[in-house]
Amino acid sequence: MVDVTSQVSVQTAAAAKPSARRYYVLGLLTIIYALNFLDRTIFNVLIEPIKKEFQLSDTMMGLLAGFGFALFYSLLGIPIARMADRLNRRNIVAIAFAFWSAMTALCGAASSVTSLALARIGVGIGESAGSPASQSIVADLFAKNERPRALGVYAIGTYLGVFLGYFVGGYVNQHYGWRMAFYVAGLPGVLLATILWLTISEPKRGAMQESFVPEPLGPTLRFLASQRSFVIVLIGFCLTTYTNYATAAWIPPFLARVHHLSSAEIGTYAGTFKGLAGMAGTLLGGFVVAQVSRRDDRWKLWAPAITSGLAGPVFALCMLTQDFAVMVAMLALTSFLVGFHLGPIFAIAQTVAKPSMRALASALIALTATCFGQGVGPLAVGMVNDALKGGYGADAVRYSLLSAAITTTVGALLFVWAARPIRADIARAAA
């Protein structure tokens, strides 16, 4: 990797000014983020065939879907993000992207539960480096009031990846088997990582600020811990992310067990009504919050709080209804409402942190949320599935998923709380 200091001298201020090129960078990073979530999501639509081949419990599938991945993602994310605050972020993203794509492909070659778990851990190690560095790049290309919109575009990668993961996994598994699905998901990423390396240059750090002063790790952590809005948002985002990951992992088994859909049908319904609706909510959330928060920064959190709060009862209805059409409509609405908050929350991490802290702030948000959401969400639902299946059979997954309705509601309340100090925190970060 190349130290960013060696590249600043050959950069110009135009690198950070509004231009078509910054949208190219944003678009490419969004595609990479989408493939990040494709590689996570495809495992979820393959839970049933993998469980059958290796004779595993729902608890073990929850571990494979989330905990092992999230543990290493979280352990390595902070030191790698610290590197991204000092070294070339383009290089970090490209190398990490190529690595996690290769590890996704290796999941298809797994000959045992152990080798599959190791490959999943490799995916988590690679993906821990991608998003913090990418978000830091975006923050240096777009000013404060543009960031909710720009990071809203970036955040649609979450649901674009979910959409592609369900479709690719469902279709390829039904026609060619679950192993081929991993190959199809992973190998294209190696090529795209090369395109990133060759076509994107490192932007000037702090280009949208008047000054940029690198700071040691200790003062950085103390500053972020002193930003009350950041700390409260971090906790709230952990809870709403639980909802995202628990549903991403267990909606495919729910559709198979409760509604008796085939693998290809699961890919179609889950991809369309969870993936596309989530993309719409995420994109709209970024644009709406960018507009309504121009006069009052508290709307950066009030708007996500409203939609996340509505998502709880809507998802409860999704799980409890016996009507297939109502279930599908409520699934789409839940994904839309939960997706709405992603861009604004990513933007908060960039806006209440100083320029020298942005990758680390992003990592703290993403890694703690992933550790709780992806590490605990799929595992907790899997454990409750196993506990309830004796009394409820296939319907056990319906009731275990209700926990996701509770967590997003509590997360919404925390966003309301975090809105109170946000204006003062933004002023401190800009000082």
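When reading the values below, keep in mind they use all heavy atoms of this one structure, side chains included, and skip hydrogens, waters and symmetry mates.
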For the pair D58 and K389, find out whether any cationic side-chain nitrogen is under 4.0 Å from an anionic carboxylate oxygen.
-> no
Short question: side chain of E127, backbone of Y33 - any donor-acceptor pair under 3.5 Å?
-> no
Can you establish whether the number of heavy atoms outside R420 located under 6.0 Å from its atom CZ is more than 12?
-> no
Could you tell me the separation between the NE2 atom of H259 and the CD atom of E265, rounded to the nearest 0.5 Å?
-> 12.5 Å
If every non-hydrogen atom of G165 is compared with every non-hydrogen atom of V45, which pair is closest and at what distance?
-> O-CG1, 3.9 Å
Does the side chain to side chain donor-acceptor pair (under 3.5 Å) test come out yes or no for T407 and T243, once each step is laid out?
-> CA-CA 6 Å; T407 55; T243 302; 2.8 Å; yes
Flag this pair as yes if the NZ/CZ of K354 is under 6.0 angstrom from the six-membered ring centre of F223 and inside a 45 degree cone about the axis; otherwise no.
-> yes
Give the minimum heavy-atom separation between L388 and A396, together with the two atoms involved.
-> CB-CB, 3.7 Å
Working to the nearest 0.5 Å, report the span between CG of L151 and CD1 of I348.
-> 10.5 Å
Output yes when a side-chain donor or acceptor of R149 lies under 3.5 Å from a complementary backbone atom of A290, and no otherwise.
-> no
Polar side-chain atom of S263 near backbone of G170 as donor-acceptor pair, under 3.5 Å = yes
Taken to the nearest 0.5 Å, the spacing of I426 CD1 from S229 OG works out to 7.0 Å
Do F315 and L401 have side-chain heavy atoms sitting under 4.5 Å apart?
-> yes
Yes or no on side chain to side chain contact (heavy atoms under 4.5 Å, CB included) for Y154 and L342, after CA distance, side-chain angles and deciding distance?
-> CA-CA 9 Å; Y154 174 79; L342 292 178; over 6 Å; no
Side-chain contact test, heavy atoms from C-beta onward, threshold under 4.5 Å: evaluate it for F43 versus M61 and give yes or no.
-> yes
Given the rule in the side chain to side chain contact (heavy atoms under 4.5 Å, CB included) test, do N91 and W197 qualify, once you have shown the distances and angles that lead to the verdict?
-> CA-CA 7 Å; N91 294 351; W197 185 286; 3.9 Å; yes
Rounded to the nearest 0.5 Å, what separation is found between the SG atom of C107 and the CD1 atom of I50?
-> 8.0 Å
Hey, does L283 have a side-chain heavy atom less than 4.5 Å from the side chain of V153?
-> yes
Beyond-backbone contact of W299 with I306, side-chain heavy atoms, under 4.5 angstrom = yes
With the side chain counted from C-beta on, respond yes when L234 and F230 share a heavy-atom pair under 4.5 Å apart, and no when they do not.
-> yes
Of the non-hydrogen atoms in P252 and I266, which two are nearest, and what is the gap between them?
-> O-CD1, 3.5 Å
Any L160 side-chain heavy atom under 4.5 Å of F37 side chain | no
Between the main-chain N or O of V190 and the side-chain N or O of T194, is there a donor-acceptor pair closer than 3.5 Å?
-> yes
With no hydrogens and no angle check, is any side-chain donor or acceptor of R89 less than 3.5 Å from a backbone partner on S136?
-> yes
Spell out, as yes or no, whether a donor-acceptor pair under 3.5 Å connects the side chain of T272 to the backbone of Y269.
-> no
Side chains of residues 317-331: which donor-acceptor pairs under 3.5 Å do they make with residues two or more places apart or in other chains?
unit_1	atom_1	unit_2	atom_2	d
T321	OG1	D323	N	3.2
D323	OD1	A325	N	2.9
D323	OD1	V326	N	3.0

Kindly indicate, with the supporting measurements, whether the criterion side chain to side chain contact (heavy atoms under 4.5 Å, CB included) is fulfilled by N244 and Y159.
-> CA-CA 10 Å; N244 259 334; Y159 286 101; 2.7 Å; yes
Atom of G275, atom of V162 and distance for their closest heavy-atom approach | CA-CG1, 4.2 Å
When rounded to the nearest 0.5 angstrom, what distance separates CG in L38 from OG1 in T158?
-> 12.5 Å
Under 3.5 Å, is there a donor-acceptor pair between the side chain of T282 and the main chain of G339?
-> yes
With sequence neighbours excluded, give me every salt bridge (charged side-chain N to carboxylate O under 4.0 Å, His left out) pair touching residues 184-198.
-> none
Within the side chain of N44, is there an N or O that forms a donor-acceptor pair under 3.5 Å with the backbone of A248?
-> yes
Is any side-chain heavy atom of L414 less than 4.5 Å from a side-chain heavy atom of V233?
-> no
Considering all heavy atoms of both residues, which atom of G189 and which atom of S101 are nearest to each other, and what is their separation?
-> CA-OG, 3.3 Å
When rounded to the nearest 0.5 Å, the distance separating CG of L191 from CD1 of I195 is 4.5 Å
Check the angle between the aromatic planes of F97 and W100 and answer parallel, tilted or perpendicular using the 30° and 60° thresholds.
-> tilted
Heavy-atom distance under 4.5 Å between the side chains of T241 and T368, does that happen here?
-> no
Check whether the ring centres of F163 and F167 lie less than 6.0 Å apart, and answer yes or no.
-> yes
Hey, is OH on Y392 packed in by over 12 heavy atoms from elsewhere, all under 6.0 Å?
-> no
Could you tell me whether a side-chain N or O of Q227 sits under 3.5 Å from a main-chain N or O of D425, the two making a donor and an acceptor?
-> yes
Is a side-chain N or O of R120 found less than 3.5 angstrom from the main chain of L64, in a donor-acceptor match?
-> yes
Taking all non-hydrogen atoms of both residues, which atom of P313 and which atom of T409 are closest, and how far apart?
-> CD-OG1, 4.5 Å
Apply side chain to side chain contact (heavy atoms under 4.5 Å, CB included) to the pair F415 and T240, showing each step before the final yes or no.
-> CA-CA 10 Å; F415 294 156; T240 57; 4.0 Å; yes
